[in-house]
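Lettering of chains follows the sequences in order, A, B, ..., and the numbering in each one begins at 1.
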Amino acid sequence: MEKPEQRSFKERIIKFPWWLVSIGLVIIVTLLLIINTPSFNEAFVIMSAGISTTITITIIAYSISLLIGLIVGLGRVSSGVIAKNMATFYIEIVRGIPMLVLIFFTALVIIPGAIKLISLVGDKFIGIGWASVGEPLAGVNIRMVSMSFRAVIALSITYGAFSAEIFRAGIQSIHPGQMQAARSQGMSYGQAMKNVILPQAIRNMLPALGNDFISMLKDSSLVSVLAVRDVTHLARLYAGGSFRFTEAYSTLAVLYLCMTVLLSLVVKYIERRISTNDKS
Amino acid sequence: MTNPNGNHMIEIKNLNKWFGDLQALNNVNLTVQQGKVLVIVGPSGSGKSTLLRCINYLETPSNGEIRFMGNLLAENDDNLNCHRAEIGMVFQDFNLYAHLSVLDNITLALRVVKKIDRKTAEDIAMAQLEKVGIADKANKMPLQISGGQQQRAAIARALAMQPQLMLFDEPTSALDPEMIKEVLDVMMLLVEEGITMVIVTHEMGFARAAADEVIFMDYGCIVERNTPHGLFNKPKSDRTKLFLSQILQNN
C-alpha cells in the first residue's frame, strides 16, 4: 500500500479523531476532579473496590456465553430438526424478554428451581437406597449459591443467545464450497466444522464478539439489582447514603467510559488488521 | 476389496434427483470402468454437475443406487466418509481452504482423515505439488496465487489422498483463458497415469484428446454415450448435433 506524501491541512482536520480527544478530555477533567475534590475522591475510593468484581463477572460470564453461543450456534445451522428447534427456542425466548427481567428470573426462579430439583433427586436416590449418591445431592441448598454466581449464570444465559447468533452468522458467512471440499475429502461434519469452517468463521466474527464483550461489560451493571457489589451497586450505595448524586454517578459513568473506550479501540484495531489481511 | 462386478469402478442404476419440482436427473444409468476416462458434456442445467456430485454423495440422490467399487453408497453411512476419502474431487471454484497455506491445504485431510503425522503428510504434499509444478508456492496462501495455480493446488490436494477415482466439476470454467492450459496439462498427466476420472467440462478439445468415452446429457438424461471420435464426428442424436454446432459456433 502506498501512502500519499503529504496530506492537505483540510484533510487532516477532517480525518482527525476529534471524538476521541473529546472523550479523553472528559476523562481527564473527571480524573482531576477525583484527585482534587474530597467528595469525588471519596466516591471513587469506595467504588474502585467494585471494579475487579465488574471485570471478573464480565470475563467469566463472557467465557461461558461463548461456550453456550458455540453450541447453540452449531445447533442453529445444523440440519437436525430437534437441535435446530431447541436452539431457536432458546434464542427467541432470551431475545423476547428484557434483560433485567431475565436476570431476576434466572437468579430467583430458574436457579432456585434447579437447586430444588437436585435435592429432590437426591431424596429419591436415598429412597431407593443409594445413600452415597443421594446424600450429597439432597443436602444442596439455595443458600449455598451466591448472588454473584447467579448473576454470572444470568448474564451467560442472556449473552449466550447473542453470541449464538454471531456464531450462526459467522458460520453462514463461509462459502458452502469450503464444507463441500472438506466433506469430499472424507472429513466428517464435525471434523470439517472444527478444521475448516470454524477457524475461518471465528476470524470473521472477532469484531462482533469484541463488541459483544463491550456490551456485556456495560450490561453487567444490571447485576447490581441482585445486590452484587459491583461498581454500580457501590455507587448506588454511596449516593443513597451521602446524597452526593453528582459525584457518585459522574465517577461511575467515567469509570465505565474508561473501560469501554479502551476496549473499543482494541476492537477497532482488530477490525483493521483483519481487513488489511484480507486485502493482501 | 471385494468387487463382484468385475472392474466397474462406479455403477449407477436408475438415479433420479429432484430439486423441489425440478427434476435434475432423470433415470440415469451409467457404469465407469477402472482406468477409464469419462467426459460428460452438455448444456448448462443439463444435470451433469449434479450427476458428478451424486457420485460422492455431495448431493443426495432422490432415489436410485450408486455403487463405488461394488459398495452401495448411502447417506448417514459410517463408510461414506471412507469412500469419499477414496474419491478425489476438483471443483469449479477450487474451494481451497482459505485460512490455510497451500501446503496445509494438502496435509489437512491426510492428518485428520488418514491420521498421518505432519512430517510424512508434508512429504506427500510436496511430492504432489512437485508433480503439478507449484512446489515453490507451498507456503503461499490460496489468494496469493493465480487461479490456475489454485486449481493445480486443488488437484494436488485431491491426489495426495491417493484416490481410486477423480471427479472434475468444470475445473477450468472459472479460469482466465491463459490459465486453462496449465490445468488441462496437469489433467492430461493424470490421464497418462491411468487414473480413473469422470470429468464435466466444456473443453471439447480436451475431451477429444483425453476421453475414452464421452457422454452427452440434456434435461437430466443421458442422450448419447459414444467414443470421442464418434460423438464429435458422427453424433447419433439430433440434440447432440445441435449442441455441438452451437459450441463450435461459439469457438
Side-chain angles (χ1 to χ4, degrees), chain A residues 1-2 70 73-75 77-84 166-210 270-280, chain B residues 49 52-53 55-60 75-100 104-115 140-144 150 153-155 157-169 174:
Chain A
M1 265 198 299
E2 51 198 283
L70 172 63
L74 286 173
V77 298
S78 90
S79 52
V81 179
I82 297 171
K84 196 173 200 149
I166 297 176
F167 270 98
R168 179 192 57 76
I171 290 168
Q172 287 177 342
S173 75
I174 304 304
H175 191 274
Q178 297 283 313
M179 178 56 99
Q180 289 168 8
R183 298 307 302 274
S184 81
Q185 289 202 286
M187 285 186 222
S188 67
Y189 180 82
Q191 285 172 331
M193 230 352 138
K194 175 172 163 257
N195 295 294
V196 177
I197 307 298
L198 282 177
Q200 298 182 56
I202 287 172
R203 215 180 76 107
N204 292 351
M205 286 157 48
L206 282 178
L209 288 177
I270 294 173
E271 236 164 31
R272 218 175 15 234
R273 280 219 30 193
I274 288 175
S275 67
T276 48
N277 273 358
D278 284 345
K279 271 174 216 146
S280 68
Chain B
S49 283
L52 195 74
R53 294 156 67 87
I55 292 177
N56 65 356
Y57 259 68
L58 279 187
E59 295 290 354
T60 310
E75 211 192 2
N76 301 328
D77 182 352
D78 291 338
N79 291 323
L80 183 57
N81 288 331
C82 304
H83 294 317
R84 277 183 176 148
E86 294 186 83
I87 304 175
M89 182 146 191
V90 176
F91 298 86
Q92 183 175 348
D93 306 319
F94 330 132
N95 289 347
L96 289 175
Y97 307 133
H99 62 306
L100 297 177
D104 289 338
N105 256 280
I106 302 173
T107 60
L108 181 64
L110 293 174
R111 289 183 281 126
V112 172
V113 178
K114 291 199 158 180
K115 314 286 182 207
K140 294 271 193 229
M141 298 303 281
L143 287 179
Q144 293 173 323
Q150 285 185 58
I155 294 173
R157 176 175 72 177
L159 287 176
M161 299 290 283
Q162 294 188 303
Q164 299 286 326
L165 167 70
M166 285 285 287
L167 306 175
F168 290 83
D169 188 4

Discussion item. Would you say that more than 12 heavy atoms from the other residues, nucleotides or ligands in this model lie under 6.0 Å from the CD of A/Gln172, or not?
Written reply: yes

Discussion item. Counting neighbours of NZ on B/Lys140 that are heavy atoms of other residues, nucleotides or ligands and sit closer than 6.0 Å, is the number greater than 12?
Written reply: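 Open.
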
Worksheet item: Just how far is it from atom OH of B/Tyr97 to atom CD of A/Gln200, taken to the nearest 0.5 Å?
Response: 10.0 Å

Worksheet item: Of all of B/Asn56, B/Asn95, B/Leu100, which one pairs up most often with chain A through heavy atoms under 4.5 Å apart?
Response: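 Winner by heavy-atom pair count: B/Asn95.
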
Discussion item. Just so I understand: if I count every heavy-atom pair under 4.5 Å between each of A/Lys194, A/Gln180, A/His175, A/Gln191 and chain B, which residue has the most?
Written reply: A/Gln180

Residue [X] versus chain A: region with a heavy atom under 4.5 Å:
| X | result |
| --- | --- |
| B/Leu96 | backbone |
| B/Arg157 | both |
| B/Leu58 | side chain |

Discussion item. Less than 4.5 Å to any heavy atom of chain B: does that hold for the side chain of A/Ala182, its backbone, both, or neither?
Written reply: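 The answer is both parts of A/Ala182.
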
Worksheet item: Within the side chain of A/Gln185, is there an N or O that forms a donor-acceptor pair under 3.5 Å with the backbone of B/Arg84?
Response: no

Discussion item. If we ignore hydrogens and angles and just use 3.5 Å, is the side chain of B/His99 paired with the main-chain N or O of A/Asn195 as donor and acceptor?
Written reply: yes

Worksheet item: Taking side chain as C-beta onward, heavy atoms only, is B/Phe91 less than 4.5 Å from A/Ser184?
Response: yes

